[in-house]
Amino acid sequence: MLVYYLLLIGSLAIGIPLCRLKHGKKIYCGLAGVALFFVAAFREGVGYDYYLYASWFFGTKNEPEFLLAGSKLEKGFLVPMKFLADATDDYQIMFVVIAAVIAAAVMIYIYFYTEKAYLGVFFFLAFGAYFNTMCFMRQRIAAVIVLFAIRYIKKKQFFRFLALVLLASTFHVSALVMIVFYFLLQVKMNWISLGVYSGALVLYFFFSEAAIEFITQYFYTGYQLGEDPEITNGLGPVYAIFFGILFLLAFSVRKRLCEKDKFSNVLINIMFFDFFFEAMGVKHGVLSRFAGLFIIPALIALVPRVVEEYAELCREKFGKDRRKLIISRTAVLTAFAAFSTFVYSYMLMNNYNGVVPYQTVSVERGEEDAG
């Protein structure tokens, strides 16, 4: 787990001083991207889907029917994997490419759209979004495409948004739900909309089996209620609680955030639906995967703004008393850091998405060669 803690600590220890320099943000985003890339690209057996993806790699290489009719994998993912499989026998190249695409996309977004880049990286790590990129990798590629599509909601450019969502769906069909969310994310987040969404969530818990049977007609069609544990069983509520807390923190300062940037309303909605799908997963685990389409922009674009807003509240209240200002700001920042580190540690201790223990390719394969 040491490598994960080094990433988390380094995101702030290196980022805070470096981003104060003239070109520091650009350098920091480059360094952070390289670090995220190397840890994900050269892992061995890390992530529950690691060997499943390896089997798909060899399937495209050795079984012609796998590519044509025998696989339900989306062609946006399957075709590039086929080219890689034809070029090399080493399936690790697939993880290298996936890691490069995701790290580059996330860091480009942070560089352009997150004022304090180190906060974007810190929260991307702390709440498991980075761990998610080592599992469910097709959907995470779709998610980083959706990340950029969301910017077109701000510009009211539906067809550009749609084009990127359709591209994302070629990697994971679940991205198609974002067509509906183009409109839902623009609904003003207030007590009325929150009440309506909460009511829908309560109804889901009463009629969850009917809901899951309907959903699996279109998404996650390979799963069957009563047969597959991820459909039949739910997840613990802990992760839903974590993201619910983040949403409530954002909701409490929503007016301030939206006064400075109306797009914040979209981001607050995104945070809510991240929580919403995590909560749905409490009944049927597979539905929590929809949260993966929302978690990245929620963490790297919204949460840093929320932190800064609470720090600004301290400045407004205690600005004339330097001692109280320092104490209050320190308390706020410490609380966010402590909560985030607790979530990160909880995920690691519970082997979130199979990322523990971390093992590099050289160590793992070296041991196999020695045996």
Side-chain angles (χ1 to χ4, degrees), residues 47-49 52 102 123-144 146-147 168-169 171-178 180-181 184-185 197-198 200-248 269-299 302-303 343-344 346-356:
Y48 289 132
D49 287 350
L52 175 62
I102 293 175
F123 290 117
F124 178 70
L125 290 164
F127 287 88
Y130 182 58
F131 296 149
N132 289 338
T133 68
M134 300 186 196
C135 208
F136 318 125
M137 285 168 277
R138 288 178 299 133
Q139 191 177 45
R140 295 316 179 254
I141 296 173
V144 296
V146 167
L147 175 65
S169 72
F171 289 90
H172 203 281
V173 70
S174 65
L176 291 174
V177 303
M178 296 306 299
V180 175
F181 282 98
L184 284 180
L185 294 177
Y197 295 146
S198 299
L201 189 59
V202 171
L203 285 175
Y204 159 78
F205 275 93
F206 279 106
F207 304 102
S208 66
E209 291 193 0
I212 196 67
E213 288 179 353
F214 175 78
I215 292 170
T216 51
Q217 293 180 42
Y218 305 97
F219 306 106
Y220 305 110
T221 55
Y223 295 92
Q224 296 296 322
L225 186 65
E227 298 179 9
D228 297 291
E230 290 189 78
I231 285 287
T232 307
N233 302 328
L235 304 174
V238 176
Y239 299 116
I241 292 171
F242 289 155
F243 291 108
I245 291 171
L246 286 181
F247 166 71
L248 290 175
N269 272 291
I270 287 172
M271 177 59 79
F272 174 80
F273 284 108
D274 180 41
F275 156 75
F276 186 91
F277 286 113
E278 288 287 354
M280 291 181 76
V282 172
K283 284 287 287 186
H284 301 286
V286 74
L287 296 185
S288 68
R289 296 190 187 181
F290 281 113
L293 296 169
F294 299 90
I295 188 174
I296 299 177
L299 293 176
L302 177 63
V303 180
V343 173
Y344 193 67
Y346 181 89
M347 289 180 170
L348 288 175
M349 287 187 292
N350 287 274
N351 195 17
Y352 184 73
N353 283 340
V355 299
V356 177

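In this structure, Phe247 CZ and Asn269 CG are separated by 8.0 Å, a value rounded to the nearest 0.5 Å. Considering OG of Ser198 and CZ of Phe272, their distance stands at 5.0 Å, rounded to 0.5 Å. Taking CG from Leu147 and CD1 from Ile295, the interatomic distance works out to 12.0 Å, rounded to the nearest 0.5 Å. Here Ile296 contributes atom CD1 and Arg140 contributes atom CZ; the two are 7.0 Å apart, rounded to the nearest 0.5 Å. Distance check, rounded to the nearest 0.5 Å: CD1 of Ile241 to CD1 of Ile245 gives 7.0 Å. One distance of note links OG of Ser208 with CD1 of Ile215; it measures 9.5 Å at 0.5 Å rounding.
Under the 4.5 Å side-chain criterion, counting only non-hydrogen atoms from C-beta, Leu302 is not in contact with Leu246. The shortest side-chain heavy-atom distance between Phe171 and Val144 does not fall under the 4.5 Å cut-off. Looking at His172 and Leu293, their side chains never come closer than 4.5 Å, going by heavy atoms from C-beta outward.
Between Phe294 and Phe276, the ring center distance fails the sub-6.0 Å criterion. Separation of the Tyr197 and Phe273 ring centroids falls under the 6.0 Å cut-off.
Partners of Tyr352 by side-chain hydrogen bond (donor to acceptor under 3.5 Å, both in side chains), not counting sequence neighbours, listed by chain and number: Asn132. Legend: residues meeting ring-ring contact (aromatic ring centres under 6.0 Å, His included) with Phe242, ordered by chain and number and at least two apart, are Tyr346.
The only option from Phe131, Phe127, Tyr130 that meets the side chain to side chain contact (heavy atoms under 4.5 Å, CB included) definition with Tyr344 turns out to be Phe131.
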Could you go through Asn353 and Phe136, starting from their C-alpha distance and side-chain angles, then the distance that decides it, and tell me whether this counts as side chain to side chain contact (heavy atoms under 4.5 Å, CB included)? CA-CA 9 Å; Asn353 283 340; Phe136 318 125; 3.5 Å; yes
Test side chain to side chain contact (heavy atoms under 4.5 Å, CB included) on Tyr239 and Asn350; report intermediate values, then the result. CA-CA 12 Å; Tyr239 299 116; Asn350 287 274; 4.2 Å; yes
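Across Tyr204 and Ala211, no two heavy atoms sit closer than the pair CD1-CB, 3.9 Å. Minimum heavy-atom separation, Met178 to Leu185: CE-CD1, 4.3 Å. In plain terms, the two heavy atoms of Gln139 and Arg289 that are nearest each other are OE1-O, 3.0 Å. Contact between Ser169 and Ala175 at its shortest, heavy atoms only, is N-CB, 3.8 Å. Across Ser288 and Leu235, no two heavy atoms sit closer than the pair OG-CD1, 3.3 Å. Asn351 and Tyr48 get closest at one heavy-atom pair: O-OH, 3.3 Å.
Put simply, the side chain of Glu278 never gets that close to the backbone of Phe243: no donor and acceptor are under 3.5 Å apart.
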